[in-house]
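Here the structure comes first, spelled out in structure tokens, and everything after it is commentary.
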Amino acid sequence: MLVSTKDSHLHHFSFFPLAPADGTSSDSEEGLPMHYPQRRRGWGRIVGLIVATVCVAAGTMTAHLGSRVLHGDTNATQALVLAGECTFAMETEFFYTEPVDDYTENVASAEDCCQKCQTASYPCRSWTWVKRLRRCFTKSGHPVEAVHKEGHVSGFSRMRGDTTLPPPFTMPPTLPPVEPVTPAPMPAPPAPRPPPSSPGGIAGGQKARDAFAGFLSLWRDSYQDNDGSVPEVQDSALPGSFAGIGTKIVVSSGGAAGGVVTEGMGYGIMVEGFKAISGDHTAIATGLGLLRGWMGMVNGPATYPQPFGGGNGKSMEASTAVDSYPYGVSAIKGPEGGYSGVAGWKFPIEQCYPPCQGSATDGDEDAILGMIYLSEAQGNPADFVDLVVRGIISFASADLGFPDLYRTLPNGQRMFVPKGGSQWGGLLPTEGKFKSTQEPWCYNPSYFAPGHYRVFRDFARKYWKREFDTYLPKHLDGNPSTLQEMLAAYDGSISAGYNILYYSSCSSGAVGNWVGVKAECTDKSALNCPGVPWATTPYVGESGTCSASGTTFGSYGPDASRTPWRIAMDYILYANESSRVTIYDREGKPDPNAVYSAKTYLNGMAKQYIEHAQCDAVKGDCMAAGMTKTATYKLAAAFDQGPHTTCSNVPNAAQSWWAAFMAWPTFTSFVAPLDSLTESDSGRWLDTFASICDFSGGKPQGDICSISYFELGQEVVATMVMSGAVLPLGGTPATLVDV
């Protein structure tokens with residue numbers, strides 16, 4: 001319906017058949033009109049829109065049968081209101097092929113927004129007003145799509161003397177019949193990604209994708225053909241996918257690294273898995289090469305009992321029998337005769353004295369996640385699924401303590417706490433056969449990977465076969481464990497991890513390197529009993545401290561820095577489930593007043609930037625004068641000068657934001673929607689962070705753009721998360737936002 005204030009009667013206007021919303025409207029939750037690449041829209045649509053706009057300016061609206069004026073929601077009632085020199089499309093959001101030119105805060109009405117467009121310093125042609133935000137967006141061009149959106153009003157501004165449009169004209173009162181014209185066939189566009197079936201994460205635009213591509217190229221430079229650093233595994237002991245695939249390794253350096261460590265191998269396998277599932281066939285071969293190296297680390301050197309796994313190198317049973325030290329099964333033999341599972345943390349093992357032994361939870365979980373994605377990218381061959389399932393079971397047993405290392409809450413739920421690795425940390429006792437080899441009750445919050453655990457759980461449930469029952473470790477009393485028990489163990493580890501995070505972090509998202517999870521049984525050698533792992537977190541007991549790597553207890557530093565991207569991955573992969581977390585009090589009873597989830601944690605970190613950085617990415621003022629890169633000092637203020645980086649849960653001072661391994665993970669917090677930002681606003685923040693480094697010369701230039709092993713690992717994973725490369729297996733991609 002077209003209503004004219006110049007004419008008292010109603011003019012009926014046929015707004016041509018509008019294509020149904022196909023997921024495009026999900027790109028913008030509220031506010032900023034969306035930017036689509038030009039190639040996605042035909043020129044016919046734009047020409048049609050210009051004709052319609054001219055007709056509005058002339059006081060006449062007419063059907064233009066050669067094109068559809070706007071592409072939008074067929075169910076939306078497009079009420080166009082002509083008022084003076086402004087045309088209003090009620091409950092409508094405009095979409096564009098390039099970013100909007102400007103926006104203004106505190107605009108009271110759609111009429112005022114139109115006036116902002118009319119009085120703009122540039123030739124403003126269209127606008128969108130967001131009622132809830134009182135925000136007016138203006139644009140020098142015309143939209144290519146309109147979508148029904150409650151609380152949005154969009155429109156065109158009539159500009160006097162606008163010579164860029166054809167002169168106004170009036171169609172005759174009666175149109176002759178026009179035969180429909182079948183347009184010439186156009187080349188088929190690439191198949192679009194499936195629309196989200198549930199809420200998902202937000203991804204940055206081209207700048208974020210470019211940053212990921214830049215860091216990924218550098219990260220891949222650390223891949224090498226095996227030089228003997230890890231043992232080789234014969235084709236006959238592996239699934240058929242590995243035939244003809246050479247062994248690759250990730251060469252690490254710095255700190256406890258050097259040689260080949262499971263942390264670096266895990267990052268590599270995980271990154272290549274996500275690239276493979278997106279259609280990168282090179283990534284499948286590269287990922288399989290790295291995974292072959294992983295299997296060599298699981299099998300271990302020929303000079304030690306095989307498999308080596310997460311055992312102590314003294315016997316095969318150390319890695320295959322749940323009742324031999326260390327507790328848990330870390331390697332499981334398959335039908336080909338080879339082993340799958342978790343690996344010894346460092347190779348060659350002679351780089352340590354005594355020789356390196358035991359698994360590391362962080363590397364294990366990333367490698368197995370990548371293993372699952374490589375399986376999916378190949379269509380889940382049966383022999384490969386078998387390999388993956390054995391890895392999932394091994395991780396649950398060696399690194400989470402399945403089936404017998406847990407604490408039982410008053411409601412009967414069993415809490416499994418991620419260990420530091422197969423031999424230490426988590427809930428391992430202080431005495432007896434299975435006592436921890438390092439400081440007891442010590443826990444690293446950044447090892448907690450809830451999104452990974454949900455993927456492991458769901459993959460096992462989906463592809464389980466009866467013959468897999470024989471792979472499950474037995475209880476210490478000799479009774480068999482079950483698939484349902486293992487799935488419950490993964491759920492218990494997720495619940496425990498979020499509760500520990502709640503009691504060991506500040507509102508800014510800062511979290512301690514190491515915290516306590518002491519819940520000692522009356523029998524100090526027992527593996528399970530009633531108890532609450534977070535009863536005294538962050539301390540070990542009433543006031544004790546711990547550290548397992550030399551980094552400071554209760555300080556936001558290198559060991560804690562990975563926490564944000566691990567939680568961000570949980571939100572992207574399981575947006576709905578990660579938003580439902582039960583928080584328990586110190587006695588293990590549900591706390592009805594505590595509201596906490598992946599989104600809560602990430603929003604707190606994002607707010608730290610919004611409230612305490614010296615710039616606002618939404619306004620575009622985070623660039624230094626005369627520079628094309630982001631002015632990092634404006635962002636650093638949020639954490640180096642801002643509050644909330646220490647609190648009762650994180651009592652010791654944080655490491656400086658200026659280390660790349662500290663800063664980049666924090667940027668991933670903007671993948672979760674924030675009530676105060678539109679999705680496009682969040683995308684602007686993500687792209688602002690991505691603009692810190694300039695890759696035009698190959699080597700990144702910028703203040704926190706590092707190419708050393710540990711920093712580069714955080715940069716490549718963080719930008720993978722920021723750019724939308726983390727894809728749920730259920731077909732729910734992140735919402736891609738170009739700004």
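A donor-acceptor pair under 3.5 Å is formed between the side chain of K599 and the backbone N or O of P673. Under the 3.5 Å distance criterion, the side-chain polar atoms of E679 are left unmatched by any main-chain donor or acceptor of I202. Of the possible polar contacts, one joining the T630 side chain to the T688 backbone as a donor-acceptor pair under 3.5 Å is found. Remark: side-chain polar atoms of Y574 are paired, donor with acceptor, to backbone N or O of R454 under 3.5 angstrom. Between the side chain of S217 and the main chain of A213, no donor-acceptor pair closer than 3.5 Å is present. Here the side chain of T92 pairs a donor or acceptor atom with the backbone of M90 at under 3.5 angstrom. Judged by distance alone, the side chain of Q641 and the main-chain N or O of A636 form no donor-acceptor pair under 3.5 Å.
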| said: The test is side-chain contact (heavy atoms from CB on, under 4.5 Å); show your working for D210 and Q206 and say whether it passes. | reply: CA-CA 6 Å; D210 289 345; Q206 190 60 49; 2.8 Å; yes

| request: Tell me, with the steps shown, if F156 and F94 meet side-chain contact (heavy atoms from CB on, under 4.5 Å). | output: CA-CA 10 Å; F156 306 107; F94 278 171; 3.9 Å; yes

| request: Walk me through it: do V107 and F137 pass the test side-chain contact (heavy atoms from CB on, under 4.5 Å)? | output: CA-CA 10 Å; V107 178; F137 296 96; over 6 Å; no

| side-chain contact (heavy atoms from CB on, under 4.5 Å) between Y556 and M662: does it pass, once the steps are laid out? | CA-CA 9 Å; Y556 186 39; M662 292 299 298; 3.8 Å; yes

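Considering only residues two or more places apart in sequence or on other chains, S696 meets the side chain to side chain donor-acceptor pair (under 3.5 Å) condition with D694. Residues passing the salt bridge (charged side-chain N to carboxylate O under 4.0 Å, His left out) test with E711: none are found, sequence neighbours excluded. The ring-ring contact (aromatic ring centres under 6.0 Å, His included) check on Y609 picks up F639, F689, with sequence neighbours excluded. Listed by chain and residue number, F448 satisfy the ring-ring contact (aromatic ring centres under 6.0 Å, His included) test with Y498 (two or more places apart in sequence, or in another chain). Evaluation of the ring-ring contact (aromatic ring centres under 6.0 Å, His included) rule for F274 yields Y373 as partners, not counting sequence neighbours. Evaluation of the side-chain contact (heavy atoms from CB on, under 4.5 Å) rule for T668 yields P564, W565, A568, A718, V721, M722 as partners, not counting sequence neighbours. Scanning for side chain to side chain donor-acceptor pair (under 3.5 Å) contacts around W219 gives Y223, with sequence neighbours left out. By the side-chain contact (heavy atoms from CB on, under 4.5 Å) test, A663 pairs with W657, F667, I704, sequence neighbours left out. Every residue two or more places apart in sequence or in another chain was checked for a side chain to side chain donor-acceptor pair (under 3.5 Å) with S676, and none qualifies. Partners of S597 by side chain to side chain donor-acceptor pair (under 3.5 Å), not counting sequence neighbours, listed by chain and number: T600. Scored by the side-chain contact (heavy atoms from CB on, under 4.5 Å) test, A276 finds A283, I284, L374, A377 as partners (sequence neighbours excluded).
A 4.5 Å side-chain heavy-atom check between F670 and D687 finds every atom pair outside the cut-off. Residues F215 and V717 form no side-chain contact, since every pair of their non-hydrogen atoms from C-beta on lies 4.5 Å or further apart. Between M569 and M270 there is a side-chain heavy-atom pair separated by less than 4.5 Å. Residues K207 and S691 form a side-chain contact, since some pair of their non-hydrogen atoms from C-beta on lies under 4.5 Å apart. Residues P450 and I567 are in side-chain contact: their nearest non-hydrogen atoms beyond the backbone lie under 4.5 Å apart. The shortest distance between side-chain heavy atoms of H152 and T128 falls below 4.5 Å. When side chains are defined from C-beta on, L674 does not count as touching D681, because their heavy atoms never get closer than 4.5 Å. At least one side-chain heavy atom of C693 sits under 4.5 Å from a side-chain heavy atom of W664.
For the side chain to side chain donor-acceptor pair (under 3.5 Å) condition, no pair includes a residue of residues 610-627, sequence neighbours left out.
Closest approach of C113 and W127 over heavy atoms only: SG-CE3, 3.6 Å. The two residues G702 and C705 come nearest to each other via the heavy atoms CA-SG, 3.5 Å. Taking all atoms of both residues into account, the shortest heavy-atom contact from C647 to S505 is SG-O, 3.9 Å. Shortest non-hydrogen contact noted between D570 and S578 is OD2-CB, 3.3 Å. Minimum heavy-atom separation, A613 to A638: N-CB, 3.8 Å. Scanning all heavy atoms of the two residues, the minimum distance from P700 to L218 falls at CD-CD1, 3.4 Å.
Exactly one of S507, S669, S508 qualifies for a side chain to side chain contact (heavy atoms under 4.5 Å, CB included) with Q608. That residue is S508.
Remark: T719 OG1 to I692 CD1 distance equals 11.5 Å, nearest 0.5 Å. One finds the CZ atom of R134 at 9.0 Å from the CG atom of D112 (value rounded to the nearest 0.5 Å). Separating the CG atom in D703 from the NZ atom in K629 is a distance of 7.5 Å, to the nearest 0.5 Å. Atom SG of C622 and atom CH2 of W685 lie 5.0 Å apart (nearest 0.5 Å). From M623, atom CE reaches atom NZ of K634 across 9.5 Å, with rounding to the nearest 0.5 Å. Atom OG1 in T563 sits 11.0 Å away from atom CG in L602 (nearest 0.5 Å).
D640 and S656 are linked by a side-chain donor-acceptor pair at a separation below 3.5 angstrom, with hydrogens and angles left out of the test.
Distance check for C117 and C136: the SG atoms are not under the 2.5 Å cut-off.
A distance of 6.0 Å or more separates the ring centres of F212 and F695.
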